Amino acid sequence: MVVHALIRREPAGELHSTTPTWDASTSRVGFVVSKAVGGAVIRHRVTRRLRHLMVDRLAGLPAGTQVVVRALPASAAASSAELGADLDSALRKLLRGSS
RNA sequence: CGAGUCGGACGGGCGACCGCGUUGUCGGAGCGAUCCGAUGCCGAGGAAAGUCCGGACUCCACAGGGCAGGGUGGUUGCUAACGGCAACCCGGGGUGACCCGCGGGACAGUGCCACAGAGAACAGACCGCCCGGUGCCUCGUGCACCGGGUAAGGGUGAAACGGCGGUGUAAGAGACCACCAGCGCCCCGGGUGACCGGGGCGGCUAGGUAAACCCCACCCGGAGCAAGACCAAGAGGACCGGCUGUUGUCAUCGGCUGGUCUGCGCGAGCGUUCGAGGGCUGCCCGCCCGAGCUCGCGGGUAGGUCGCUUGAGCCCGUCGGCAACGGCGGGCCUAGAUGGAUGGUCGCCGACUACAGGAUCCGGCUUAUAGCCGAGUCGCUCG
RNA sequence: GCCCCCGUAGCCCAAUCGGCAGAGGCAGGCCCCUUAAAAGGGUCCAAGUGUCGGUUCGAGUCCGACCGGGGGUA
């Protein structure tokens, strides 16, 4: 999988000229699971697993972080434990690079 | 035991914990919309799929005349409707259970039938066969040429104008005869009907293609829930009609009321009685409206509520019907999301988990599908 | 979700009314031209028409069902 994160470092007003329409202190996560992963049943299963896995990891992120998780075709065959391990390593790498 | 056919109102079950969506109740916060917490009910399919048909629903349209366009195609029924379903008929396949069929019309008309072949659609003499004439010679009733007869045979083709036997003949031919196949008409019997069974007569033979145009019968307005309605952004503006006040009347202006249309800026083109464009959801005539219409570029908004799930609904019983289905009685409430809810862990049974996820809702069709269950059929073997 | 459109050589694309099964261009191989290359000329190769079934004597074309791709729509 590929994980992008926009980690808030400055006050929201200086991030961009666009003022966010959501509460800047809450984190947001989006998932991208394309048709290349599989049919509707497989894509939904991958998204559900990722969603529940991310809920447990939100506490470890800085407030206001925006995350996009893109699932690659191999994630269709992966178990929840494998997806969780991938997520952990990707997030660890991102947090280390930002600090 | 093996092979094959059809059907299934089969498509993992039970339990525990954490988490998610709708919603009821209770408690709390807030003027309120609403939010937070606790707890309870419910929470994807037989195909939810493909989007191939048919409806419900919503908006638009709905003086008249004419012409198109699309669909269906045995019969009788069922149904809200259908291209669906049931039963039956006909044709074809299979030893059989059973399966398959776009299954009306080719004397209403038109078109097409390549190549091959002598000839391909009121058929046709290439080789043959037969008769006559002429010529030649090795005189055989031989050969060549000319004229005619002939559709039995050869060969070509997807298809060559019925099959077989006989009479007949110079050779032949439905020319004639018997039987058979096929066509048309009539009569009798059965069936609601498609059609079936039997008998008689006739002329003696008619090619295929309508998933080619077409003819016949029946059906069909257009778009689609991203339909559409309301609120907000944004607030009005334009037009039409009715009533009414001032006035003698009209015009003008004001008030009330009903309806229709419309988001902004810039540029270009066409047009304003020599009429653009629009409406009568295909086109023409005809009628009506008529001063704007079309295109390109740029930026803006893409929030909320409803539609949204009680429905031609499901289950049980009973009655009618061969059946599809329908009537009556009783019972039940069974997802409603809007970036879009089902995941994780564990125990037992079963066994290694098929195809696969709602998006307005139903009735079908088609396609995908591990495994399981049931009912017929055929063959072999044993008792 | 709903509504449309399209599939022919490696690529782009023709094929009239259904008729010998398929034109052309680019690319590729070989030859000629040139000292050599490019350009040019000649020649060859490459499809069985997305798949399956049906109608027909005969299907790229007509009909049906699937498969794949593209577009539009608040």
Side-chain angles (χ1 to χ4, degrees):
Chain A
M1 68 183 69
V2 179
V3 179
H4 306 270
L6 176 62
I7 300 172
R8 195 168 66 105
R9 280 165 245 160
E10 289 119 304
E14 298 181 14
L15 253 177
H16 246 275
S17 60
T18 56
T19 54
T21 58
W22 60 91
D23 186 3
S25 64
T26 61
S27 298
R28 310 198 323 153
V29 183
F31 301 99
V32 178
V33 184
S34 81
K35 227 175 186 174
V37 176
V41 172
I42 294 172
R43 295 208 310 276
H44 271 99
R45 187 163 59 223
V46 170
T47 311
R48 284 165 188 155
R49 285 174 169 169
L50 289 173
R51 180 183 298 121
H52 283 86
L53 290 166
M54 275 308 292
V55 165
D56 301 333
R57 288 159 176 79
L58 271 180
L61 298 175
T65 307
Q66 298 176 51
V67 183
V68 171
V69 179
R70 185 157 63 91
L72 299 178
S75 55
S79 68
S80 281
E82 291 167 340
L83 288 174
D86 277 6
L87 258 184
D88 282 335
S89 70
L91 288 174
R92 224 177 8 253
K93 218 178 289 182
L94 284 166
L95 290 175
R96 196 173 52 234
S98 71
S99 61

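Here is how names work: the chains are called A, B, and so on, in the same order as the sequence lines, proteins then strands, and each is numbered from 1. Since the structure is predicted, the reported quantities are computational estimates derived from the model, not experimental observations.
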Q.
Between B:G12 and B:A351, how many Å separate the two P atoms, rounded to a whole number?
A. 15 Å
(Q) Distance check, P atoms only: B:C382 and C:G54, in whole angstrom units. (A) 44 Å
Q: Could you check which nucleotide pairs with B:G46 in any of the strands shown, counting Watson-Crick or G-U wobble with both distances under 3.5 Å?
A: none
Q | Between B:C361 and B:C280 - C1' atom distance, rounded Å | A | 34 Å
Q | Torsion-based syn/anti label for B:G46, 90° from 0 as limit | A | syn
(Q) Roughly how many Å apart are B:C314 and B:A33, using the C1' atom of each and rounding to a whole number? (A) 39 Å
Q. Between A:R43 (CZ) and B:A356 (P), how many Å, whole number?
A. 13 Å
Q | Spacing between A:I42 atom CD1 and B:A356 atom C1', to the nearest angstrom | A | 9 Å
Q: Just name whichever nucleotide pairs with B:A211, Watson-Crick or G-U, keeping both distances under 3.5 Å, else none.
A: none
Q: May I ask which nucleotide in the shown strands pairs with B:C266, Watson-Crick or G-U wobble, both distances under 3.5 Å?
A: B:G296
**Q.** P gap between C:G53 and C:A39, integer Å
**A.** 47 Å
(Q) Taking only side-chain N and O atoms of A:S80, does any of them lie within less than 4.0 angstrom of OP1 or OP2 on B:G344? (A) yes
Q.
Between C:U49 and B:C122, how far apart are the two C1' atoms, rounded to whole Å?
A. 44 Å
Q.
Does B:G119 count as syn, meaning its glycosidic angle lies within 90° of 0, or as anti?
A. anti
**Q.** Distance-minimising heavy-atom pair for A:L83 and A:S75
**A.** CD2-CB, 3.9 Å
Q. Atom CG of A:L87 and atom P of B:G343: how far apart are they, to the nearest Å?
A. 18 Å
Q: State, to 0.1 Å, how close A:L53 and A:S80 come at their nearest heavy-atom pair, and which atoms those are.
A: CD1-O, 3.8 Å
Q. So how far is it from A:E82 CD to A:L87 CG, rounded to the nearest 0.5 Å?
A. 12.5 Å
Q: Indicate, with a heavy-atom threshold strictly under 4.0 Å, whether A:R51 touches base, sugar-phosphate, or nothing.
A: sugar-phosphate
Q: Hey, could you give me the CG/CZ distance between A:L50 and A:R57, rounded to the nearest 0.5 Å?
A: 9.5 Å
**Q.** Counter-base of B:C145, judged by Watson-Crick or G-U geometry with both distances under 3.5 Å
**A.** B:G133
Q | Who pairs with B:C35 - Watson-Crick or G-U, where each distance is under 3.5 Å | A | B:G28
Q) In whole angstroms, how far is the P atom of B:A337 from the CZ atom of A:R48? A) 17 Å
Q) Any idea which heavy atoms bring A:R49 and A:S79 closest together, and the distance? A) NH1-CA, 4.3 Å
Q: Provide the distance between the two C1' atoms, one in B:U369 and one in B:C1, to the nearest whole Å.
A: 29 Å
Q. Now, which nucleotide makes the Watson-Crick or G-U wobble pair with B:U58, with each of the two distances under 3.5 Å?
A. B:A223
Q) Can you find a side chain N or O atom of A:R49 that sits less than 4.0 Å from OP1 or OP2 on B:U342? A) no
Q. Is the base of B:A63 syn or anti, where syn means the angle lies within 90° of 0?
A. anti
**Q.** Identity of whatever pairs with B:C274 - Watson-Crick or G-U, under 3.5 angstrom
**A.** none
Q) What integer distance in Å separates A:H44:NE2 from B:G343:P? A) 11 Å
Q) With both distances under 3.5 Å as the test, what is the Watson-Crick or G-U wobble partner of C:C2? A) C:G72
Q | C1' spacing across the pair B:U338 / B:G371, given as an integer number of angstrom | A | 38 Å
Q) Taking the chi torsion of C:C17, is it syn (within 90° of 0) or anti (everything else)? A) syn
(Q) What is the distance, to the nearest angstrom, from the CG atom on A:L83 to the C1' atom on B:G343? (A) 12 Å
Q | Syn or anti conformation of B:G376, syn meaning chi within 90° of 0 | A | syn
